[in-house]
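Along the sequence shown, residues carry numbers from 1.
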Amino acid sequence: MSNPAESTRTVVIERVFPHPPEKVWRALTEEPLIAQWLIKSDFEPVVGRKFQFRFEPMPNWDGVIDCEVLIVDYLKRLSYSWSSLGLDSVVLWTLSPAEGGTRVRMEHSGFPPDQQAAYQGAKYGWQNFFDGLERVLGGGVG
């Protein structure tokens, strides 16, 4: 019997932002800021909180991602489930000190081998979201 963790893939993106952890944390946890780099939601950084990201609907997808907050470790870790189109996955953010700022690591895990399109879409999407996060952080978030 194979280990399920070995049969799934994870999208990992890591960047160092020239900003203090408090500023990065705000961009990851305050809904008005999340809406600027990711998408509108009803997110609150409370473990057990169920929320949704709502993208523009498209053929064969209503645009809704159902989520639940799993971990809130102030200035260090944030995790939430990410469920859409029958795929249940998990997003984990880790913040750590880095030379000149904060290292931000995002792991989106749980992509089975038969979900190649979802995996490739996540790889592409998270790169764009990180670019948006960089713009928001550089735009004067206090």
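- Here the CD-CD distance, from Glu14 to Glu107, works out to 8.5 Å after rounding to the nearest 0.5 Å.
- Contact detail for Leu33 and Arg26: the closest heavy-atom pair is CD1-O, 3.6 Å.
- Annotation: the span from Lys50 atom NZ to Asp66 atom CG amounts to 9.5 Å, rounded to 0.5 Å.
- When the side chains of ILVMFWY residues are joined at heavy-atom separations under 4.5 Å, either directly or via intervening members, Leu70 and Val12 end up in two distinct hydrophobic clusters.
- Gln52 CD to Glu68 CD: the interatomic distance, rounded to the nearest 0.5 Å, is 12.5 Å.
- Considering all non-hydrogen atoms of both residues, Val11 and Lys123 come closest at CG2-CG, 3.6 Å.
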Practice prompt. Decide yes or no on side-chain contact (heavy atoms from CB on, under 4.5 Å) for Arg103 and Val16, but give the supporting numbers first.
Written response: CA-CA 4 Å; Arg103 179 177 311 284; Val16 174; 3.5 Å; yes
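- Residue Tyr119 is not grouped with residue Val90 when hydrophobic side chains (ILVMFWY) are merged at heavy-atom distances under 4.5 angstrom, including chains of intermediate members.
- A donor-acceptor contact shorter than 3.5 Å is absent between the side chain of Ser41 and the backbone of Ala35.
- Within the model, atoms CG of Leu38 and CG of Leu133 stand 9.5 Å from one another, a figure rounded to the nearest 0.5 Å.
- Of all heavy-atom pairs spanning Ile65 and Ser84, the tightest one is CG1-CB, 4.0 Å.
- Looking only at side-chain heavy atoms (C-beta outward), Arg15 and Val104 stay at 4.5 Å or farther from each other.
- Note: the hydrophobic cluster containing Ile39 also contains Leu87 (ILVMFWY, side chain heavy atoms under 4.5 Å, direct or indirect links).
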Determine all donor-acceptor pairs shorter than 3.5 Å in which one atom belongs to a side chain in residues 109-116; sequence neighbours excluded.
from: Gln116; atom 1: OE1; to: Arg9; atom 2: NH1; distance (Å): 2.7
from: Gln116; atom 1: OE1; to: Arg9; atom 2: NH2; distance (Å): 2.8

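- Sequence neighbours left out, the pairs with a member in residues 11-43 that pass ring-ring contact (aromatic ring centres under 6.0 Å, His included) are Trp25-Tyr74, Trp37-Trp93, Phe43-Phe51.
- Formation of a donor-acceptor pair under 3.5 Å by the Ser79 side chain with backbone atoms of Val91 is found in this model.
- Considering all non-hydrogen atoms of both residues, Thr29 and Ile34 come closest at C-CD1, 3.9 Å.
- When the ring-ring contact (aromatic ring centres under 6.0 Å, His included) test is applied to Tyr124, no partner is found at least two apart in sequence or on another chain.
- The CE atom of Met106 sits 12.0 Å away from atom CG of Leu78, with the distance rounded to the nearest 0.5 Å.
- A chain of hydrophobic side-chain contacts below 4.5 Å, direct or via other Ile, Leu, Val, Met, Phe, Trp or Tyr residues, connects Ile13 to Phe129.
- Here the closest heavy-atom approach between residue Val46 and residue Val72 is recorded as N-CG2, 4.0 Å.
- Under the 4.5 Å side-chain criterion, counting only non-hydrogen atoms from C-beta, Arg54 is in contact with Val64.
- Distance check: Thr8 OG1 to Asp88 CG gives 12.0 Å after rounding to the nearest 0.5 Å.
- At distances below 3.5 Å, at least one donor-acceptor pair connects side-chain atoms of Arg49 with backbone N or O atoms of Asp42.
- Residues Val24 and Leu137 have side chains in contact (heavy-atom distance under 4.5 Å, counting atoms from C-beta outward).
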